[in-house]
Amino acid sequence: MDKKIILRRMRKSKFFMVGCTVVVLLVVMAIAAPYIVRFDPEANALAEKFIPPEGLTKGLDGHIFGTDQMGRDIFTRLLTGAGSSFIIAACVVVIASVIGTVLGLVSGYFGGAVDTIIMRTTEVFMSIPQIVLAIAIVAMIGSSMPNLILVLVLTSWTSYAKLTRNNVLVIKGQEFVSAAKVLGASKLRIIFRQVFPNVTTPLLIQISQQFGMTIMVEATLSFLNLGIQPPAPSWGNMIAGSRQYLTTAPWTVFAPGVALMITVLAFNFLGDGLRDVLDPKRT
Amino acid sequence: MFWKFVLRRIGQTVIVLICVSIIAFLLIHIAPGDPARIVLGDSATDEMVEAYREKLGLDQPLYVQYFKYIGGIFKGDLGTSTSYQQPVAKIIFSRFPNTILLTLATVLISLVISIPLGIIAGVHQGKAIDFFAMLFAILGQSMSTVWLGVLNIYIFAVKLKLLPTIGTGGLEYLILPAITLGYPISAQVTRLGRSGMIDVLREDYITATLAKGIPSSKVYTKYAFKNALIPIITIVGMQLGVFLGGAVVVETIFSWSGIGQLTNQAVGNRDYAMVQSLLLVIAAAMAIINLLVDIINAKIDPRITLQ
């Protein structure tokens, strides 16, 4: 597609502009976190516990979002937690989308027994609620970062496989694929040079939405004490840790909750926006 | 044709359940350490562990162990819970009704809100009510159950003091968990209902019925909505899995003693026999619900049986 057209559509799509801006901002802040923050994310400072947000009164000098039950600066913990959440989500989305897409391509292109086996496998995985399967596996193998990534990949590759397979079924009946076959192109070449480029658009949209979803599931696991382990901060375990102080110090829970909501919202906007930009027929 | 479809779907469900039972069986084996020691917990004596090894046949090949495990399930033996010192099956089935109650309340509340909202938004596309409905939907799809649950407690229980915060009890205890669990689904159903209505309203037969002078309210609810219903049933059916997953969080936040809370407690207590069985029971419940949803859809739209 023409780059100019894409750029014009990007500027026109409000979803894309808002989503993209917020996502870029969040990622930059998460990466720059170690240079921005002025407090230790994990060290207790009990003398300073439950300081309400000072962002409006003291500006950037005080505890912008206040402090929690251990006297730790919430803004610092939010940014530090964002870093680990984003790294996990990025690893999960990349690995799961590669595995899912390859299986989807193979399943859709070859059909027959291969297709049946792969599709039945996705059905088995989809018949267990994602959170329940993730909890069960983490409970067995423990909750280190690699284990967390492994579990999230195991519970999310199916969506890419199904999506890609369904699109391949449409593409492979088209004439340019038959033409490539007649010209004697190898199966691998047809799959990766002819079919794959035509399934990337829905895949990109899916990846963007899955990124938000993965962050949400990771937060849920951390909330249930099965994800990132305290004192290391994660939005999920921040909500869990401060939940009992909701009445007296609501900001301790609201800050990670709102951060989580904005992040997921931004990735969903980005997904909707990508649809506007790359696939205008469907909107 | 219909019965052939039903039989084929039942066959598929059985295969899925067999595979899930294999996953549940292997779960105990992927944990590092001796499976018998893991299942019995640290308090068990060496003799107990040895006796349990005998019973499970841990010295025999994996497939023999699997068939023993399956044989036990068919006799209703899901093992013994280490944290309750009681049969796992008994505890799971004593908690199940609470989760079913929560799920029913969730489906009810979310549909009561989202179906009218979706219809109204679709009929009044582009107006203020449509914008409001879309805002409701977008927010709902981005809210984590964790955050939504805490927010609901803050608004309705702490600030407005309208509802009890946590516990298992009468209807008033059910409202907040059901809203928390149901909002993401409401969001999706609102979206689907809206786009379904927009599509259906473009059809010629709707124009024809309107032209005949049939009141528009009747056209929208009786003719148009019926055709927008199938994707909604499918989504609600598919989302029941998400319900059961979300129930772990919601039941934990609101101390609702169903199988979701039980799952979380079992993991915390390292009660592996319980975790294993819950995985199996929840997946079985989901597979059966999906089967029913497909059969209902096939009844409504016979074309589905041809696929």
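To find a chain, count down the sequence lines: A is the first, B the second, and so on, and within it residues start at 1.
Of the listed residues (A/Ala266, A/Pro256, A/Pro250, A/Ala134), the greatest number of heavy-atom pairs within a distance under 4.5 Å of chain B belongs to A/Pro250. Contact count versus chain A (heavy atoms, under 4.5 Å) is highest, among B/Lys159, B/Gln276, B/Gln12, B/Arg270, for B/Gln12. Most heavy-atom pairs under 4.5 Å with chain B, from the set A/Val258, A/Ile141, A/Ile137: that is A/Val258. The candidate with the highest count of non-hydrogen atom pairs below 4.5 Å against chain A, out of B/Val249, B/Val150, B/Thr263, B/Leu244, is B/Val150. Options A/Leu133, A/Val124, A/Ile131 differ in how many heavy-atom pairs under 4.5 Å they form with chain B, and the most are formed by A/Val124.
Using a 4.5 Å heavy-atom threshold, the side chains of B/Val275 and A/Met140 count as touching. Contact of the B/Thr145 side chain with the A/Phe223 side chain is not registered, since no non-hydrogen atoms from C-beta on lie closer than 4.5 Å. Between B/Trp147 and A/Thr220 the shortest side-chain heavy-atom distance does not fall below 4.5 Å. Counting heavy atoms from C-beta on, the side chains of A/Val253 and B/Tyr154 never come closer than 4.5 Å. Counting only heavy atoms from C-beta outward, the side chains of B/Val146 and A/Trp235 never approach each other to under 4.5 Å. Side-chain contact between A/Ile128 and B/Val20 is present, with at least one heavy-atom pair separated by less than 4.5 Å. Residues A/Leu260 and B/Met143 fail the side-chain proximity criterion, which asks for heavy atoms closer than 4.5 Å. B/Met286 is listed as a side-chain neighbour of A/Pro129, based on a closest heavy-atom distance under 4.5 Å.
Heavy atoms of B/Val16 lying under 4.5 Å from chain A belong to its backbone as well as its side chain. Of the atoms belonging to A/Leu265, heavy atoms from both backbone and side chain fall under 4.5 Å from chain B. Looking at B/Leu278, there are no atoms closer than 4.5 Å to chain A (heavy atoms on both sides), in backbone or side chain. Within the 4.5 angstrom heavy-atom criterion, no atom of A/Met213 approaches chain B. Contact of B/Leu151 with chain A is made through the side chain alone, with heavy-atom distances under 4.5 Å. Neither the backbone nor the side chain of B/Asn290 comes within contact range of chain A; no heavy atom of the residue lies under 4.5 Å from a heavy atom of that chain.
To the nearest 0.5 angstrom, B/Ile138 atom CD1 is 7.0 Å from A/Asp272 atom CG. Here the CD1 atom belonging to B/Ile15 is positioned 12.5 Å from the OG atom belonging to A/Ser127, to the nearest 0.5 angstrom. The SG atom of B/Cys19 lies 10.0 Å from the CD atom of A/Glu123; values are rounded to the nearest 0.5 Å. Note that CG of B/Leu148 and CE of A/Met261 are 10.0 Å apart. Values are rounded to the nearest 0.5 Å.
Within 6.0 Å of atom CE in A/Met216, more than 12 heavy atoms from other residues, nucleotides or ligands are found, so the atom counts as buried in its surroundings. The environment of B/Phe132 atom CZ is sparse: at most 12 non-hydrogen atoms of other residues, nucleotides or ligands sit within 6.0 angstrom.
In this structure, B/Thr13 has no side chain to side chain donor-acceptor pair (under 3.5 Å) partners at least two apart in sequence or on a different chain.
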